[in-house]
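Remember, it's 1-based here, ligands and their atoms both numbered in the order they're listed. Counting begins at 1 with the first residue of the sequence. All values below were derived from every heavy atom in this structure, side-chain atoms included, with hydrogens, water molecules and symmetry-related copies excluded.
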Amino acid sequence: MNMIKAVSIYKQFNQLEVLKGISLAVDKGEVIAIIGPSGSGKSTFLRCLNRLETIDRGTIEIEGDVLATDHGEGKVNYAAETEVRKICRRMGMVFQQFNLFPHLTVLENLIEAPITVKGMRQEAIVPKAEDLLRKVGLAEKRDVYPSRLSGGQKQRVAIARALAMNPDIMLFDEPTSALDPELTGEVLKTMRQLAEEHMTMIVVTHEMAFAREVANRVIFMDNGEIVEEGLPATIFGSPSQPRTKAFLNKVL
Ligand SMILES: Nc1ncnc2c1ncn2[C@@H]1O[C@H](COP(=O)(O)OP(=O)(O)OP(=O)(O)O)[C@@H](O)[C@H]1O
Ligand SMILES: [Mg+2]
C-alpha cells in the first residue's frame, strides 16, 4: 500500500490548466523533493493532496483510503466530509509563511489542534509538545509569542506544531524560502532529522543541495506536468529531458 497515491490529477483555475495529469505514488518513509519553475503547479499539487484545493479529475488515495476519485470517468467524488477530515489529518503541512497563531504562545500553538480537533487532554499533549519543542531546539521558547521569534524559529515551531498532530505524512511547501540564508540551515536540519526518522515527506523546495542530499526521489515539474523523476544523482547529474536541463542550468 502506498502512503500517497495520486493518479492523473487535473486541476484548472478558471481557464488556466494548472495540473495536467499528475501521477505520483509515495511509499512509507520516502522523501520526495518536488522542484520546478514558478507557476508550474507545485503548490497546487500539494494543496490538492490534503484538499486545500479540490481536483477536477483523477484519484487521490491516502494510506489506501480514497479521498477523491473520478472512477476514471471524469466526475470527481470526494469522500464524506468527516472521512475527508479524518484522512487529511494524517498529513501535516508546513507553509512558506509559517501561519502560526500570533495570539497564542509557542506551546499553545502546538497544543491547540490536538485539544480542539483530536480531543486530547492537556496532561497528555503538553509533555508531548514539550518533547517536540526540545526536538526542534526550542524548549526555552515554550512561553513566548511568535512575534518574538526569528523566521527560522517560527518555522521550526510550525514543524513541531504539525508533528503534534502525529501525522503519518508531512507536506512542506518551500519551508525555507521566506528565510534569510543564515536561518535556512536550522530548518533544513530539522527536516533532515525527520527524514532520518523515516517520516514520509513531500518537500517542494528551491534548496537543490537539500533535495540532492536528503530526497530519495526528485520530481521535476514544469507547466502542470511531471517532466522527469528519478534518483537525485540522476536528475541532478544526468537529466534526460531538455526542460530539466534548462531549469537546472538556471538554478544550480
Ligand atoms: N487560487 C488560485 N486561483 C487562480 N489561479 C491560481 C490559484 N492558485 C494558483 N493559481 C495559478 O496556478 C498556477 C500554478 O500555481 P502554483 O502556486 O501551484 O505554482 P508553484 O509551482 O507553486 O509556483 P511557485 O514556485 O512560484 O510557488 C499559477 O499560474 C498560479 O497563478
Ligand atoms: Mg508554490
Side-chain angles (χ1 to χ4, degrees), residues 4-26 31-60 62 67-68 76 78 84 88 91-100 151-152 154-155 158-159 162 169-181 183-184 187-188 191 200-212 214-215 217-230 232 235-236 239 241-252:
I4 297 175
K5 186 174 168 196
V7 184
S8 298
I9 305 301
Y10 287 81
K11 170 72 179 173
Q12 62 182 59
F13 291 112
N14 306 314
Q15 299 312 312
L16 182 68
E17 272 197 280
V18 175
L19 301 178
K20 305 173 187 170
I22 299 279
S23 296
L24 176 67
V26 182
V31 178
I32 308 286
I34 301 183
I35 61 172
S38 182
S40 56
K42 306 179 299 294
S43 296
T44 303
F45 177 61
L46 272 200
R47 294 168 59 80
C48 285
L49 292 179
N50 64 359
R51 226 255 337 229
L52 294 175
E53 301 286 356
T54 54
I55 59 174
D56 300 329
R57 274 157 65 194
T59 294
I60 297 174
I62 305 297
L67 176 70
V76 173
Y78 272 83
V84 165
C88 291
M91 289 172 276
M93 181 137 178
V94 175
F95 303 89
Q96 186 175 338
Q97 291 300 342
F98 327 128
N99 299 353
L100 296 176
K154 280 184 194 148
Q155 194 58 299
I159 294 171
I169 298 162
M170 287 286 284
L171 308 175
F172 293 89
D173 192 359
E174 299 195 22
T176 60
S177 37
L179 302 178
D180 294 334
L183 299 179
T184 298
V187 172
L188 294 179
M191 292 168 64
T200 307
M201 296 163 54
I202 301 184
V203 186
V204 172
T205 186
H206 290 310
E207 296 288 335
M208 297 301 151
F210 177 81
R212 185 172 199 144
V214 180
R217 198 150 40 110
V218 176
I219 310 278
F220 172 64
M221 271 181 75
D222 188 18
N223 199 16
E225 298 169 318
I226 293 179
V227 174
E228 184 166 1
E229 65 172 279
I235 299 293
F236 291 112
Q241 299 298 315
R243 276 195 277 173
T244 317
K245 284 181 199 164
F247 174 75
L248 290 174
N249 276 338
K250 254 188 255 162
V251 298
L252 287 182

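Of all protein atoms, those that are N, O or S and lie under 2.8 Å from the Mg ion (ligand 2) total 1.
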Side chain to side chain contact (heavy atoms under 4.5 Å, CB included) assessment of Met208 paired with Val218: CA-CA 10 Å; Met208 297 301 151; Val218 176; over 6 Å; no

Side chain to side chain contact (heavy atoms under 4.5 Å, CB included) between Ile202 and Leu49, worked out: CA-CA 11 Å; Ile202 301 184; Leu49 292 179; 3.7 Å; yes

CA sep, side-chain torsions, deciding dist, call: Leu67, Val84, side chain to side chain contact (heavy atoms under 4.5 Å, CB included): CA-CA 6 Å; Leu67 176 70; Val84 165; 4.0 Å; yes

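Other residues, nucleotides and ligands contribute at most 12 non-hydrogen atoms within 6.0 Å of the CZ atom of Arg57.
Contact shell of ligand 1 (protein heavy atoms, cutoff 4.0 Å): Phe13, Leu16, Val18, Pro37, Ser38, Gly39, Ser40, Gly41, Lys42, Ser43, Thr44, Glu174.
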Determine all donor-acceptor pairs shorter than 3.5 Å in which one atom belongs to a side chain in residues 172-179; sequence neighbours excluded.
from	atom 1	to	atom 2	distance (Å)
Asp173	OD1	Ser43	OG	3.2
Asp173	OD2	Ser43	OG	2.7
Glu174	OE1	Ser177	OG	2.9
Glu174	OE1	His206	NE2	3.2
Glu174	OE2	His206	NE2	3.1
Ser177	OG	Glu174	O	3.1

Scan the side chains in residues 6-15 for donor-acceptor partners under 3.5 Å anywhere in the protein, sequence neighbours excluded, and list what turns up.
from	atom 1	to	atom 2	distance (Å)
Lys11	NZ	Thr54	O	2.8
Gln12	NE2	Asn14	O	2.9

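Using a 4.5 Å cut-off on side-chain heavy atoms (C-beta onward), Gln241 and Asp222 make no contact. In this structure, the side chains of Phe210 and Thr184 stay at 4.5 Å or more apart for every pair of heavy atoms.
For the atom pair CZ of Arg47 and CG of Leu171, the computed distance is 11.5 Å after rounding to the nearest 0.5 Å.
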